[in-house]
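Here it is, the structure in full.
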Amino acid sequence: MLPLTNEADIQVREVPLPTAAGHVLSMRMFSLPEPRAVLIMAGAMGVVQGCYEKFARFMAGQGFAVFTFDYAGSGASLHGHMRNCKSGITDWGEYDCQAVIDYAKAHYPQLKLHWVGHSVGGQLLGMTPNVNKIDNAVTVACGSGYWRENSPPTKRIAWLLWYFIAPVAVPVCGYFPGKRLNMVGDLPAKVMQQWRRWCRNPEYAVGHEGAAMRESYASVRVPITSLAFTDDEMMSERNVVSLHGFFRNAPMTMVRVSPAELGVNAVGHLGWFREKYREAIWAGKILPLLK
């Protein structure tokens, strides 16, 4: 690991980012004055960019210009009421992720561009048209959402969510009121509708969307490392293997670790970006993969 930099030296900049869909994303950049590489942090479903700020600051201290952002209709990229947001998961890849990659390449054309995708942030690699501008990708706790293959804690309630709660809540509210239901978080209607269809298909998005989506995943040639945790309460090993199998032309490395191997009690699906994992995961597992 490179020597840590005084956090006071890290510059933080708010970057309103227009997309071809007509949205303006909230994006933030963390960096030293002369970064050595670029990193895009693509978050999980329902997790706002602020949750990744300490990780972004850590990576900026290691010499990366780090971009975090909220997908259209979420976090600070929600403008107006959520029921009026027309974005879906596929739009997050086609417009949002594409815009972030283009911005990063335009401003740092000579530097290597890395991607860390948490959960859906890894899935979106297969839905982003300019994905091959990335030099290297790490997916974290990322797998297929097919509910019958979910880890037991999630599988026990997934059928209720996909077959009863979501089909009722979305038409009634005009969006998915996840905060009130203590499930996932609030999501635009199209996001939840797509996700529901995919999670009921054994081949997830590829199975439901068909040949075009299958070919989109197959077109990815970026080297990918999957970092998964044995105690992930959402993604089973089968979910992880299934999703990464769609990237059939990308050089692939699969890494699966237990909390005991990391010297910690638990990680789960949403744990890794917490600062207490700074040494065990950020420095010990992710940083060595970003070369």
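Quick caveat, the model's predicted, so the values are computed rather than measured. Excluded from the calculations below are hydrogen atoms, water molecules and symmetry mates; all remaining heavy atoms, backbone and side chain alike, are included.
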**OP:** Enter the distance from His79:NE2 to Cys85:SG here, rounded to the nearest 0.5 Å.
**Re:** 9.5 Å
List the atom pairs, with distances to 0.1 Å, where a side-chain N or O of residues 282-291 and a protein N or O form a donor-acceptor pair under 3.5 Å, not counting sequence neighbours.
residue : atom : partner : partner atom : Å
Trp282  : NE1  : Trp272  : O            : 2.8

Original post:
Which atoms form the tightest heavy-atom contact between Thr139 and Ser226, and what is the distance?
Top reply: OG1-CA, 3.3 Å
Original post:
Any chance the side chains of Ser242 and Asn239 put a donor and an acceptor closer than 3.5 Å?
Top reply: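 On atom types as modelled, these side chains do not qualify, holding no pair under 3.5 Å.
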Subject >> Donor-acceptor under 3.5 Å (Asp96 side chain, Ala72 main chain) >> reply: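 Confirmed, Asp96 side chain pairs with Ala72 backbone.
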Original post:
Hey, does Met41 have a side-chain heavy atom less than 4.5 Å from the side chain of Phe273?
Top reply: no
Original post:
If only atom types and distance count, is the side chain of Asp186 paired as donor or acceptor with the main-chain N or O of Gly178 below 3.5 Å?
Top reply: yes
**OP:** Let me see the working for Tyr103 and Phe67 under ring pair (Phe, Tyr, Trp, His ring centres under 6.0 Å), right down to the final yes or no.
**Re:** CA-CA 10 Å; Tyr103 184 95; Phe67 292 94; 5.8 Å; yes
**OP:** Just grab all the salt bridge (charged side-chain N to carboxylate O under 4.0 Å, His left out) pairs involving residues 121-133, residues at least two apart or on different chains.
**Re:** Asp102-Lys133
Original post:
Can you name the nearest heavy-atom pair linking Pro177 to Ala169, along with the distance?
Top reply: CD-CB, 3.9 Å
**OP:** Measure the spacing between CG of Asp91 and CG of Leu124 and express it to the nearest 0.5 Å.
**Re:** 10.5 Å
**OP:** Measure up the Tyr71 and Phe69 rings against each other and bin them: parallel (under 30°), tilted (30 to 60°), perpendicular (over 60°).
**Re:** perpendicular
**OP:** For atom CD of Glu34, decide whether the heavy atoms of other residues, nucleotides or ligands shown that lie under 6.0 angstrom number more than 12.
**Re:** no
**OP:** Measure the spacing between SG of Cys97 and CH2 of Trp115 and express it to the nearest 0.5 Å.
**Re:**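 Reported to 0.5 Å precision, the distance equals 3.5 Å.
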Subject >> Test item: Val170 and Tyr175 side chains (from C-beta on) under 4.5 Å apart, heavy atoms >> reply: no
Subject >> Distance, nearest 0.5 Å, that separates CE of Met82 from OG of Ser87 >> reply: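 Interatomic distance, Met82 CE to Ser87 OG, rounded to 0.5 Å: 10.5 Å.
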**OP:** State, with a plain yes or no, whether a side-chain heavy atom of Val116 is found less than 4.5 Å away from one of His114.
**Re:** no
Original post:
Can you name the nearest heavy-atom pair linking Val222 to Ala137, along with the distance?
Top reply: CG1-N, 3.8 Å
Original post:
Is the backbone N or O of Gly143 less than 3.5 Å from a side-chain atom of Gln123, with the two atoms forming a donor-acceptor pair by type?
Top reply: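 The answer is yes, because a donor-acceptor pair under 3.5 Å joins these two groups.
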Original post:
What distance separates Arg197 CZ from Gln193 CD, expressed to the nearest 0.5 Å?
Top reply: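 One gets 6.5 Å once the value is rounded to the nearest 0.5 Å.
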Subject >> Nearest atoms (heavy-atom pairs only) where Phe247 meets Gly122 >> reply: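 Phe247 and Gly122 have their closest heavy atoms at CZ-O, 4.0 Å.
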Original post:
Between atom OG1 of Thr128 and atom CD of Glu94, what is the distance when rounded to the nearest 0.5 Å?
Top reply: 9.5 Å
**OP:** Without swapping roles, check the side chain of Ser119 against the backbone of Cys142 for a donor-acceptor pair under 3.5 Å.
**Re:** no
Subject >> Distance-minimising heavy-atom pair for Arg180 and Cys173 >> reply: NH2-SG, 3.9 Å
**OP:** Answer yes or no: is there a donor N or O on one side and an acceptor on the other, between the side chain of Asn132 and the main chain of Ser219, under 3.5 Å?
**Re:** yes
**OP:** Scan for salt bridge (charged side-chain N to carboxylate O under 4.0 Å, His left out) pairs involving residues 48-69, sequence neighbours excluded, and state none if there are none.
**Re:** Glu7-Arg57, Arg28-Glu53, Glu53-Arg57, Lys54-Glu275
Original post:
When you look at Tyr108 and Leu113, which way does the side chain to side chain contact (heavy atoms under 4.5 Å, CB included) test go after all the steps?
Top reply: CA-CA 9 Å; Tyr108 297 100; Leu113 177 58; over 6 Å; no
**OP:** Measure the acute angle between the ring planes of His118 and His269, then classify it against the limits of 30° and 60° as parallel, tilted or perpendicular.
**Re:** tilted
Subject >> Sole candidate of Tyr146, Phe246, Tyr204, Trp147 that passes ring pair (Phe, Tyr, Trp, His ring centres under 6.0 Å) when paired with Trp198 >> reply: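 Among Tyr146, Phe246, Tyr204, Trp147, the one that satisfies the ring pair (Phe, Tyr, Trp, His ring centres under 6.0 Å) with Trp198 is Tyr204.
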Scan the side chains in residues 17-27 for donor-acceptor partners under 3.5 Å anywhere in the protein, sequence neighbours excluded, and list what turns up.
residue : atom : partner : partner atom : Å
Thr19   : OG1  : Ala21   : N            : 3.2
Thr19   : OG1  : His23   : N            : 3.4
Ser26   : OG   : Gln49   : NE2          : 2.9

Subject >> All pairs passing side chain to side chain donor-acceptor pair (under 3.5 Å) where residues 257-266 contributes a residue, at least two apart >> reply: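 For residues 257-266, and leaving out neighbouring residues, the side chain to side chain donor-acceptor pair (under 3.5 Å) pairs sorted by first residue read Ser258-Glu261.
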Original post:
How close do Ala218 and Asn249 get, heavy atom to heavy atom, and via which atoms?
Top reply: O-ND2, 2.8 Å
Original post:
Is there a path from Met59 to Val48 through hydrophobic residues (I, L, V, M, F, W, Y) whose side chains come within less than 4.5 Å of each other?
Top reply: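 No, Met59 does not connect to Val48 through the hydrophobic network.
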Subject >> Backbone of Asn150 reached by a side-chain donor or acceptor of Ser236 within 3.5 Å >> reply: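 No; zero donor-acceptor contacts below 3.5 Å.
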Anything under 3.5 Å between a donor and an acceptor, one on a side chain of residues 155-168, the other on a protein residue two or more places apart or in another chain? List them.
residue : atom : partner : partner atom : Å
Lys155  : NZ   : Arg148  : O            : 3.1
Trp159  : NE1  : Arg156  : O            : 3.0

